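What follows is a short report on a single structure.
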Protein chains: 2
Amino acid sequence: MARLPVYLRALHVLADRGIVTVSSEELAAAAGVNSAKLRKDLSHLGSYGTRGVGYEVQYLVYQISRELGLTQDWSVAIIGLGNLGRALAGYGGFASRGFRMAAMLDADPAIVGERINGLTVEHIDKLERVITDCGISIAVLAVPAPAAQPVCDRVVACGVTSILNFAPVVLTVPDRVDVRKVDLSIELQILAFHEQRKAGGPAGVEQEYLEAVDGP
Amino acid sequence: MARLPVYLRALHVLADRGIVTVSSEELAAAAGVNSAKLRKDLSHLGSYGTRGVGYEVQYLVYQISRELGLTQDWSVAIIGLGNLGRALAGYGGFASRGFRMAAMLDADPAIVGERINGLTVEHIDKLERVITDCGISIAVLAVPAPAAQPVCDRVVACGVTSILNFAPVVLTVPDRVDVRKVDLSIELQILAFHEQRKAGGPAGVEQEYLEAVDGP
DNA sequence: TCGACTTTGTGCGTGCGTTCACAAGGGCTT
DNA sequence: AAGCCCTTGTGAACGCACGCACAAAGTCGA
Ligand SMILES: NC(=O)c1ccc[n+]([C@@H]2O[C@H](COP(=O)([O-])OP(=O)(O)OC[C@H]3O[C@@H](n4cnc5c(N)ncnc54)[C@H](O)[C@@H]3O)[C@@H](O)[C@H]2O)c1
Ligand SMILES: NC(=O)c1ccc[n+]([C@@H]2O[C@H](COP(=O)([O-])OP(=O)(O)OC[C@H]3O[C@@H](n4cnc5c(N)ncnc54)[C@H](O)[C@@H]3O)[C@@H](O)[C@H]2O)c1
């Protein structure tokens, strides 16, 4: 379930405030979902609340963390230390959630050897060895679009089965491999779509096209 | 439909290769979706293909661009020029899709006044004026979590109705406002979840918890 | 100890998105 | 000009996820 991380975050906030128990209604509001959905999600993973009281925050944090596999640390490799890769590498919010930045790789000789956040950038040629040695289980691709598929293939060949892809391409991978794609251009385009709807929607279909192609 | 941008990207690739027409089957493969779904999506927005041939690439590009509102330029403000904000500001992939970085805002005096990608970072105090003057219609929030809701409120008060949020918080906004959230920690957590499943799933439920809390 | 109140867990109806499968329609070849 | 073949557009079934609403269950006060 993709909502568990959201619940977990909300629970951490509550825990930090010293709150011991929480009702499904309160937690659902904090997570921005329906309370019935929340209860169904929680019951689905076998956690029990107490009727008349609610859920014990600490217990739920542990249950969800375990379900998500956050009771262990995961080693992550960042491939491509350009604009985006550096931002990710310098972000502290990952380490605090059990994700350890274990390796950084790039093809640019000017970047290889650089130290970022206490880690030395390795050359992409060493990919296979680095991934094996560091016990990488998740790869983050922040390389240009044309490089994404080739790099992805190499990563998969090393046995990595989880990939977070920032390049604007559809990656082809074997079934056993999970790919999640973050495409910021698409997010903006979806916003633009709705924005346009609010403003009255598109008009002058055929006319506009002919003018654009042939001139007025 | 959230898939239109994906189709559009695939079409641009085809157009660059000089391809004139494309069948739903081919385009669907390139976009990573089912061909029936693709045809339904396209028919849904009124575009017509030619039976026995397929769709004209250029025509489809124009149709989808128009539907998404990409025939006009949108002015975007980036708020928070830290790690992530800078990466976004320096990214060329937005401008080429009709999104103009029109304003940058930050609260840190050390950052205000800096020039990034040809634009001067303004102080967040000037938010209201900048948004109005630059005709901002989309705001990108790349500020720390605690600052997100207050900044969001101010942006919404200026009349902005589209927000892209990178802060790990659930934003509360009026109904007319669209918020899209990009949460990279959640993406990693979802990958970890599946990774754990592949490795055999969680085991030793109650036992583990009691040990973690009470000691062995 | 008992009753009233609170909150969980879930059965069920509903609505949406996906997918199969096919008929209608247009091009291309002969 | 006519038939063959390819591809679109869509009807209909399927499945899933959401959310309402309620009974079971446990707590807290008297
Ligand atoms: N920066 C953004 O805000 C942003 C937004 C949306 C999408 N993206 C996408 O994210 C990806 C990275 O963006 P960026 O702005 O960081 O680009 P960038 O050009 O700044 O960085 C890319 C890095 O990848 C390295 N690289 C190139 N080929 C490589 C290879 N074969 N193996 C290893 N490393 C290689 C380059 O040396 C460079 O350091 C791109 O696909 C881009 O489209 C970025
Ligand atoms: N960097 C990443 O890879 C990454 C990954 C996931 C999530 N995020 C989230 O994105 C957001 C930004 O991350 P970051 O790494 O760039 O953080 P950062 O601390 O590097 O940058 C935040 C910027 O926001 C500015 N700021 C603070 N308060 C402000 C206010 N009230 N108004 C305007 N500007 C203000 C700061 O001066 C700073 O420049 C955070 O919420 C973070 O949790 C970042």
Side-chain angles (χ1 to χ4, degrees), chain A residues 1-8 10-11 14 19-64 67 170 175 181 186 190 193-194 197 205-206, chain B residues 1-8 10-11 14 19-64 67-68 170 175 178-181 186 190 193-194 197 205-206:
Chain A
M1 299 286 184
R3 284 184 298 270
L4 290 181
V6 182
Y7 303 157
L8 189 56
L11 285 166
L14 294 174
I19 294 172
V20 176
T21 58
V22 64
S23 73
S24 64
E25 207 78 41
E26 295 167 316
L27 183 54
V33 300
N34 182 291
S35 67
K37 199 191 320 196
L38 174 89
R39 287 199 297 276
K40 197 157 282 188
D41 286 345
L42 294 184
S43 75
H44 217 277
L45 64 82
S47 290
Y48 291 141
T50 314
R51 295 170 189 234
V53 177
Y55 300 88
E56 191 195 337
V57 174
Q58 290 297 339
Y59 183 65
L60 216 47
V61 164
Y62 178 78
Q63 288 293 335
I64 295 179
E67 181 73 10
V170 178
D175 283 347
K181 182 176 156 188
I186 287 186
I190 293 172
F193 171 74
H194 287 119
R197 280 284 160 107
V205 182
E206 200 63 20
Chain B
M1 297 289 181
R3 283 183 298 268
L4 289 182
V6 182
Y7 302 158
L8 189 55
L11 285 166
L14 294 174
I19 294 172
V20 177
T21 57
V22 64
S23 73
S24 64
E25 208 76 41
E26 294 167 316
L27 184 53
V33 301
N34 183 293
S35 69
K37 197 189 322 196
L38 174 89
R39 287 199 297 276
K40 196 154 280 188
D41 286 346
L42 294 185
S43 75
H44 217 275
L45 63 82
S47 293
Y48 291 142
T50 313
R51 294 167 190 241
V53 177
Y55 300 89
E56 191 196 335
V57 174
Q58 290 298 337
Y59 182 66
L60 215 46
V61 164
Y62 178 79
Q63 287 294 335
I64 295 179
E67 181 73 12
L68 289 174
V170 178
D175 283 347
D178 282 302
V179 174
R180 292 195 67 86
K181 183 176 155 188
I186 286 184
I190 293 172
F193 171 75
H194 288 120
R197 280 284 160 110
V205 182
E206 200 63 20

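Chain A is the first sequence line, chain B the second, and so forth, proteins listed ahead of strands; every chain is numbered from 1. On a predicted model such as this, the values are computed, not experimentally measured, just so you know.
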statement: From NZ of A/Lys37 across to P of D/dC20 the rounded distance in Å is 11 Å
message: Can you measure B/Tyr59 atom OH to D/dT8 atom P for me and round it to whole angstrom units?
response: 15 Å
pair A/Arg3-A/Lys37: side-chain heavy atoms closer than 4.5 Å: yes
message: If the cut-off is 4.0 Å, is B/Asn34 near the phosphate of C/dG17, judged by side-chain N/O to OP1 or OP2?
response: no
- line: When rounded to whole Å, the CD to C1' distance for the pair B/Glu56 and C/dG26 reads 16 Å
query: What is the distance from CG of A/Leu38 to P of D/dC20, rounded to the nearest Å?
result: 14 Å
query: Starting at NZ of A/Lys40 and ending at P of C/dG9, how long is that distance when rounded to a whole Å?
result: 12 Å
query: Under 4.0 Å: is that the gap between some side-chain N or O of A/Tyr55 and OP1 or OP2 of C/dG9?
result: yes
statement: Per side chain to side chain contact (heavy atoms under 4.5 Å, CB included), B/Tyr7 is matched among B/Val61, B/Leu60, B/Ile64 by B/Ile64
- line: Taken in chain and number order and not counting sequence neighbours, the residues that satisfy side chain to side chain donor-acceptor pair (under 3.5 Å) with B/Asp178 are A/Lys198
message: Do A/Arg39 and A/Tyr55 make a side-chain contact, defined as non-hydrogen atoms from C-beta onward lying under 4.5 Å apart?
response: yes
query: Are A/Ser43 and C/dT8 close enough that a side-chain N or O sits under 4.0 Å from OP1 or OP2?
result: no
task: Hey, which sits more toward the 5' end of DNA chain C by its nearest nucleotide, A/His44 or B/Arg51?
output: A/His44
- prompt: Could you state the CG-C1' distance from A/Leu42 to C/dT8, rounded to the nearest angstrom?
  reply: 10 Å
- request: Please determine if a side-chain N or O atom of A/Arg3 lies less than 4.0 Å away from the OP1 or OP2 oxygen of D/dC18.
  value: yes
message: Whole angstroms only, please: what is the CG-P distance between B/Asp41 and C/dC16?
response: 16 Å
Contact summary for B/Ser35 and B/Ser24, nearest pair of heavy atoms: CB-O, 4.0 Å
- line: B/Arg39 atom CZ is separated from C/dA23 atom P, nearest whole Å, by 15 Å
query: Between D/dT8 and B/Ser24, is there an OP1 or OP2 to side-chain N/O distance shorter than 4.0 Å?
result: yes
